[in-house]
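Everything on this sheet refers to the single structure shown next.
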Amino acid sequence: MSLIRIDVAAGSRSYPVLVGPDLAGRLKSHLDDLGFPAHRVVVSSPHVWRLHGDRAASALAGRTPVLVRDGERSKHLRTVSRIYDGLIAAAADRGSGIVAIGGGVIGDMAGFAAATYLRGIAVAHVPTTLLAQVDSAIGGKTGVNLPQGKNLVGAFHQPAAVLVDPSFLATLSGREFRAGLYEVLKYAMASSLSLFEHLQKNADTIARHRHAAALLPVIEQCCRIKAGIVTEDEREQGVRRVLNFGHTAGHAFEAVTRYARFRHGEAVAWGMLVACHLAHLRGRLDPGDRDAFGRLLFGVGTLPTIGDLRTSDVLDAIGRDKKVVEGRLNFVLPVGIGRVEIVQDVTTDELRAALVAAGCINS
Ligand SMILES: NC(=O)c1ccc[n+]([C@@H]2O[C@H](COP(=O)([O-])OP(=O)(O)OC[C@H]3O[C@@H](n4cnc5c(N)ncnc54)[C@H](O)[C@@H]3O)[C@@H](O)[C@H]2O)c1
Ligand SMILES: [Zn+2]
């Protein structure tokens with residue numbers, strides 16, 4: 001299978017996203033070809049490195065990797081500090097580059113370290129979870145959590161390259177894989193009827209077998225959508241906001257359950273259902289399209305239950321979301337399959353009705 005190259009032309013930097021099934025074993029030659037700095041520091045996690053370090057070793061350029069823990073609970077400034085220690089120990093200077101090999105947490109932390117170390121050095125992302133491959137590795141958002149909330153500290157720092165190899169995904173747990181698949185459904189419902197139809201036919205095979213041949217076209221299409229959107233709107237002032245479909249309610253579900261019950265994608269899955277019901281209640285989405293989305297979503301697998309959450313907690317958390325601008329609640333709502341609109345006038349009563357209709361609260 002040949003290598004696919006997708007270019008991101010963001011205002012601050014242009015860079016390639018390479019997608020191919022045997023990238024992992026040839027990281028050095030790809031990075032060399034792309035002119036990535038020869039002085040490289042790999043940042044990964046013990047878990048990812050145990051599974052894939054042998055194959056990815058060519059990225060090391062003779063150095064030991066900086067291994068820091070991943071998972072949401074490790075995504076804080078102390079871990080970033082350990083990455084700085086590793087950079088200093090490797091004598092990294094302004095001409096050095098970080099190669100981040102891991103899921104979205106490693107990518108966000110290593111990206112933030114790259115944005116800030118010596119006021120900014122190069123980073124290449126090698127994403128190893130489905131979520132990171134289709135979403136977080138592209139677009140330059142980096143950052144960490146504070147005890148007060150998620151992603152409260154960060155920077156925009158576009159990578160120099162993104163190398164996507166679906167064969168990493170073979171070792172993901174079923175749950176992590178499905179969590180990423182919900183973000184794939186997000187792209188389909190928010191911006192691609194053809195992807196939606198493709199998933200209607202193939203989601204089951206993709207989720208069960210994860211064959212590179214079935215995964216590659218789906219990952220490629222998501223990367224193309226994200227690359228196109230980031231090219232148009234690097235700093236999320238316009239069209240990039242459509243990628244927040246499902247995230248207004250989704251973030252609230254994560255926060256109310258203290259990030260312990262849902263994987264991010266699972267909370268977004270419930271959030272997308274809420275948005276579909278909301279759109280339908282406002283007369284903007286055909287019930288047939290709403291139900292087609294629901295069937296596709298539940299066809300992927302069962303989601304952690306949600307109906308026990310307290311209505312007031314959920315409504316308060318939605319009200320605190322970053323997407324509240326000047327007191328008005330921003331919502332990305334589908335108006336058909338592959339099309340969304342952004343509305344700013346959702347009332348609490350409408351929201352409550354949609355939460356009930358989606359089965360997220362009782363009344
Ligand atoms: N920067 C952005 O634009 C952006 C977009 C979406 C999400 N994010 C961030 O991404 C993070 C979530 O990323 P995630 O879901 O990848 O989580 P993660 O990085 O914590 O990875 C999840 C788990 O999968 C393991 N793992 C990683 N690769 C593996 C592999 N190939 N095989 C087996 N296990 C593997 C990790 O060790 C970890 O335990 C969140 O912090 C979120 O805020 C950022
Ligand atoms: Zn997301």
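What you see is a predicted model, and the numbers here were worked out from it, not measured in a lab. As the structure lists them, so they are numbered: ligands from 1, and atoms in each ligand from 1.
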Can you label the angle between the H209 ring and the H211 ring as parallel, tilted or perpendicular, going by 30° and 60°?
parallel

Which pairs of N or O atoms, one from ligand 1 and one from the protein, are separated by less than 3.5 Å, and what is the distance for each pair?
from: ligand 1; atom 1: 1 (N); to: D108; atom 2: OD1; distance (Å): 3.0
from: ligand 1; atom 1: 1 (N); to: K141; atom 2: O; distance (Å): 2.9
from: ligand 1; atom 1: 13 (O); to: G104; atom 2: N; distance (Å): 3.2
from: ligand 1; atom 1: 15 (O); to: R263; atom 2: NH2; distance (Å): 3.2
from: ligand 1; atom 1: 16 (O); to: G104; atom 2: N; distance (Å): 2.8
from: ligand 1; atom 1: 16 (O); to: T129; atom 2: OG1; distance (Å): 2.6
from: ligand 1; atom 1: 17 (O); to: R263; atom 2: NH2; distance (Å): 3.4
from: ligand 1; atom 1: 19 (O); to: G104; atom 2: N; distance (Å): 3.1
from: ligand 1; atom 1: 19 (O); to: V105; atom 2: N; distance (Å): 3.0
from: ligand 1; atom 1: 20 (O); to: G71; atom 2: N; distance (Å): 3.2
from: ligand 1; atom 1: 28 (N); to: T128; atom 2: O; distance (Å): 3.4
from: ligand 1; atom 1: 28 (N); to: T128; atom 2: OG1; distance (Å): 2.7
from: ligand 1; atom 1: 31 (N); to: H52; atom 2: NE2; distance (Å): 3.4
from: ligand 1; atom 1: 31 (N); to: T128; atom 2: O; distance (Å): 3.0
from: ligand 1; atom 1: 31 (N); to: F168; atom 2: O; distance (Å): 3.0
from: ligand 1; atom 1: 31 (N); to: T171; atom 2: OG1; distance (Å): 3.4
from: ligand 1; atom 1: 32 (N); to: T171; atom 2: OG1; distance (Å): 2.7
from: ligand 1; atom 1: 37 (O); to: H47; atom 2: ND1; distance (Å): 2.9
from: ligand 1; atom 1: 37 (O); to: D70; atom 2: OD1; distance (Å): 3.1
from: ligand 1; atom 1: 37 (O); to: D70; atom 2: OD2; distance (Å): 2.5
from: ligand 1; atom 1: 41 (O); to: E72; atom 2: OE1; distance (Å): 2.7
from: ligand 1; atom 1: 41 (O); to: E72; atom 2: OE2; distance (Å): 3.4
from: ligand 1; atom 1: 41 (O); to: K75; atom 2: NZ; distance (Å): 2.8
from: ligand 1; atom 1: 43 (O); to: K75; atom 2: NZ; distance (Å): 3.0
from: ligand 1; atom 1: 43 (O); to: K150; atom 2: NZ; distance (Å): 3.0

* Asked: Okay, side chain of E197, backbone of S194: is any donor-acceptor separation there less than 3.5 Å?
  -> no

Restricting E183 to its N/O/S atoms, the closest one to the Zn ion (ligand 2) is OE2

**OP:** Can you label the angle between the Y84 ring and the Y117 ring as parallel, tilted or perpendicular, going by 30° and 60°?
**Re:** parallel

- Flag, side chain of S74 to backbone of D70, donor-acceptor distance under 3.5 Å: yes

Between R210 and L215, the two heavy atoms sitting closest are O-CD1, 3.4 Å

Flag the pair F112 / H157 as yes when their ring centroid distance falls below 6.0 Å, and as no otherwise. no

The Zn ion (ligand 2) has as its nearest N, O or S atom from H264 the atom NE2

**Ion pair R26/D32, N-O distance below 4.0 Å** = no

